[in-house]
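To start, the structure under review is shown below, and the notes come after it.
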Amino acid sequence: MTHLESNLSREDVLDAFALEADHGQATLERYLRDYPQYSEDLVGLSLEISQPLDFCTAPLDGESHAKINAVVRKFSEATRSTGSNSNLLIEFKRLRSARGSIPIQVFSLLRDGQVKIATIPRAVLARIAELIDARVEALCEQLAQARTLGEPARSFKSEERPMSPEQISFEEALSDAGVSPEIRSEIMSGKF
């Protein structure tokens with residue numbers, strides 16, 4: 001386990017566990033061993049995931065159909081007018097299952113605006129945009145905004161104005177996450 005992996009937030013660990021293909025005993029034990037500080041939450045999530053879903057098979061009435069259609073129409077209009085999803089960074093959660101060789105902590109750094117956008121190769125931006133079904137320009141806008149979004153929350157919790165961490169290059173983020181030079185080279189060319 002790398003140093004960054006041990007500092008994953010509770011939410012990141014639970015999200016990663018939820019996205020695992022297999023939630024069996026071996027997977028749970030691996031997470032409990034790797035993240036003992038979240039053992040209670042992991043066991044609770046495991047129990048919740050293992051519960052059978054209770055699907056209602058009764059047909060929807062006209063009012064329910066109308067409400068669903070209104071919400072879908074409103075969302076579609078909003079995403080068409082802005083040309084992007086309202087918050088592409090939420091899509092990084094979906095990426096975790098398709099992320100290939102990019103570690104979760106690199107996506108966390110991107111989400112938090114700690115990676116210099118100019119250092120991310122165009123091929124990488126294009127591949128990420130493709131995976132989250134977005135335009136490259138919209139992705140870049142969201143990544144640029146991410147740096148300032150967390151500042152009000154941090155300043156509220158601090159007596160002094162907090163300083164944003166210094167941004168690092170994309171390749172440095174991969175290196176810090178323990179990605180080998182060979183895999184780093186593949187990722188930098190957009191092959192992940």
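Keep in mind that the numbers below use all heavy atoms, side chains included, and drop hydrogens, waters and symmetry copies. FYI, the numbering just counts along the sequence from 1.
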Intermediate values then yes/no, side chain to side chain contact (heavy atoms under 4.5 Å, CB included), Arg30 and Glu20: CA-CA 12 Å; Arg30 179 170 42 93; Glu20 288 284 341; 3.5 Å; yes
Test side chain to side chain contact (heavy atoms under 4.5 Å, CB included) applied to Asp176 and Leu109, step by step: CA-CA 11 Å; Asp176 289 350; Leu109 292 172; over 6 Å; no
Asp12/Ser108 under side chain to side chain contact (heavy atoms under 4.5 Å, CB included): CA gap, chis, key distance, verdict: CA-CA 8 Å; Asp12 288 340; Ser108 294; 3.4 Å; yes
Verdict with reasoning, Asp15 to Arg10, per salt bridge (charged side-chain N to carboxylate O under 4.0 Å, His left out): CA-CA 8 Å; Asp15 286 347; Arg10 174 186 166 274; over 6 Å; no
Test side chain to side chain contact (heavy atoms under 4.5 Å, CB included) applied to Ile117 and Leu110, step by step: CA-CA 9 Å; Ile117 299 169; Leu110 286 169; over 6 Å; no
CA sep, side-chain torsions, deciding dist, call: Lys67, Glu63, salt bridge (charged side-chain N to carboxylate O under 4.0 Å, His left out): CA-CA 6 Å; Lys67 287 179 181 178; Glu63 183 182 342; 3.3 Å; yes
Glu137/Arg122 under salt bridge (charged side-chain N to carboxylate O under 4.0 Å, His left out): CA gap, chis, key distance, verdict: CA-CA 11 Å; Glu137 296 77 19; Arg122 181 76 176 177; 3.7 Å; yes
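Side-chain contact check for Cys140 versus Leu125: some heavy-atom pair is nearer than 4.5 Å. A 4.5 Å side-chain heavy-atom check between Val43 and Ser46 finds every atom pair outside the cut-off.
Shortest non-hydrogen contact noted between Phe107 and Ile128 is CE2-CD1, 4.2 Å. Considering every non-hydrogen atom in both Val124 and Ile187, the closest pair reads CG2-O, 3.0 Å. Residues Ala177 and Gln105 approach most closely at CB-NE2, 3.6 Å, considering heavy atoms. The two residues Leu47 and Ser50 come nearest to each other via the heavy atoms O-OG, 2.8 Å.
In this structure, CD1 in Ile183 is found 14.0 Å from CE in Met188, a value given to the nearest 0.5 Å. Interatomic distance, CD of Glu171 versus CZ of Arg184, reported as 5.5 Å (0.5 Å rounding).
At least one donor-acceptor pair under 3.5 Å links the side chain of His23 to the backbone N or O of Phe17. A donor-acceptor pair is defined here as one N or O able to donate and one able to accept, closer than 3.5 Å; such a pair exists between the side chain of Thr119 and the backbone of Phe170. Side-chain atoms of Asp112 never come within 3.5 Å of backbone atoms of Gln114 as a donor-acceptor pair (strictly under, hydrogens ignored). Under the 3.5 Å distance criterion, the side-chain polar atoms of Arg127 are left unmatched by any main-chain donor or acceptor of Gly190. Ser39 places no side-chain N or O within 3.5 Å of a backbone atom of Leu32 that could act as its donor or acceptor partner.
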